[in-house]
Amino acid sequence: MKRVTIYTDGGCEGNPGPGGWAAVLLWNGRTKEVSGGEPATTNNRMELMAAIGGLTALKEPCEIAFYTDSEYLRKGISEWIVGWKARNWQTRGKTPVKNDDLWRALDAATRGHKIDWRWVKGHAGHEHNERCDVLAGEAIAQVRQRHRPEQLKALLEEFKRKSEGAAVAAEALFSL
């Protein structure tokens, strides 16, 4: 298996708000950068998208040293996910796992790889983590360029309605 190092970061301007994500992949002296953004999202969703984007950029199973500054991402994929899957994507408190769509996608993206999930302190001078932060910021800027302020506002309101609607539906389902 090839040994690859991946750094990721995700963020938002506002939480929720316009968001961006990025991954830097390092292998055999080569560097590959991938990034993207969404007009209405959360920091946690962008952290998950960064991991998914980094892993799906690989063309074959690899041994990966995976660096993230998100404990939500690291603990979620290396600790919590086993219980969530055993409980049919519910938390210990019997509520739906937030962002389960992306957790499921990330779970699928990890298959075939051997991954060592590592935490790195964000904004602490780690070269590749800092690069991810820059790329995620650029992705947010591109989102802002593609959408007028009133479009971003409308998309954010729609995102909030959907998020609140999902929480209400889940509460009703679990109160039966």
Side-chain angles (χ1 to χ4, degrees), residues 1-86 89 91 97-147 159:
M1 281 187 148
K2 290 181 182 175
R3 291 183 178 195
V4 176
T5 301
I6 299 177
Y7 285 81
T8 63
D9 196 20
C12 282
E13 289 181 353
N15 193 26
W21 62 266
V24 173
L25 295 81
L26 306 165
W27 173 73
N28 201 23
R30 297 180 187 157
T31 302
K32 180 175 186 170
E33 299 176 341
V34 293
S35 63
E38 295 183 21
T41 189
T42 64
N43 289 341
N44 285 340
R45 289 186 68 81
M46 292 295 89
E47 294 287 0
L48 289 164
M49 284 300 303
I52 294 163
L55 291 172
T56 57
L58 298 171
K59 295 181 178 16
E60 63 188 76
C62 296
E63 187 175 317
I64 304 163
F66 195 107
Y67 292 89
T68 175
D69 62 8
S70 169
E71 285 285 47
Y72 172 73
L73 169 60
R74 189 187 67 79
K75 287 184 176 181
I77 195 63
S78 64
E79 298 174 23
W80 307 333
I81 198 166
V82 173
W84 292 338
K85 288 164 54 172
W89 295 97
T91 66
V97 171
K98 288 182 182 176
N99 303 312
D100 73 312
D101 58 330
L102 296 181
W103 284 114
R104 290 171 196 250
L106 179 57
D107 186 42
T110 64
R111 292 191 189 116
H113 300 294
K114 181 180 178 200
I115 305 172
D116 180 16
W117 296 93
R118 302 174 184 182
W119 181 79
V120 62
K121 184 177 170 102
H123 310 287
H126 298 281
E127 175 187 1
H128 302 298
N129 178 260
E130 296 289 344
R131 179 65 181 150
C132 286
D133 186 60
V134 168
L135 292 169
E138 289 173 355
I140 293 170
Q142 290 172 3
V143 166
R144 288 192 175 281
Q145 287 176 351
R146 288 192 304 265
H147 297 85
F159 178 84

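Everything quoted here is computed from the prediction, not taken from an experiment.
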Practice prompt. Heavy atoms only: give me the nearest Glu47-Leu73 pair and the separation to one decimal.
Written response: O-CD2, 3.8 Å
Fill in: Exercise: identify the closest heavy-atom pair between Ala50 and Ala23
O-CB, 3.8 Å
Worksheet entry | Nearest-0.5 Å distance, CG of residue Leu106 to CD1 of residue Ile77 | 4.0 Å
Fill in: Pair listing, salt bridge (charged side-chain N to carboxylate O under 4.0 Å, His left out) test, anchored in residues 100-110, at least two apart
Arg45-Asp101, Lys85-Asp107, Asp100-Arg104, Asp107-Arg111
Worksheet item: Which of parallel (below 30°), tilted (30 to 60°) and perpendicular (above 60°) describes Trp103 and Tyr72?
Response: perpendicular
Item to complete: Taking the side chain as every heavy atom from C-beta outward, state whether Ile6 and Leu58 have any atom pair closer than 4.5 Å.
Response: yes
Worksheet item: How would you list all residue pairs meeting salt bridge (charged side-chain N to carboxylate O under 4.0 Å, His left out) that involve residues 11-35, not counting sequence neighbours?
Response: Glu13-Arg144, Glu33-Arg131
Practice prompt. Can you spot which of Leu48, Val34, Thr8 makes a side chain to side chain contact (heavy atoms under 4.5 Å, CB included) with Trp21?
Written response: Val34
Worksheet item: Can you name the closest pair of heavy atoms from Val143 and Gly19 and give their distance?
Response: CG2-O, 4.2 Å
Worksheet item: Leu55 versus Ile64: any side-chain heavy-atom pair under 4.5 Å?
Response: yes
Discussion item. Under the rule for side chain to side chain contact (heavy atoms under 4.5 Å, CB included), what residues qualify as partners of Arg3, not counting sequence neighbours?
Written reply: Glu63
Worksheet item: What pair of heavy atoms forms the shortest contact from Ala57 to Leu25, and how long is it?
Response: CB-CD2, 4.0 Å
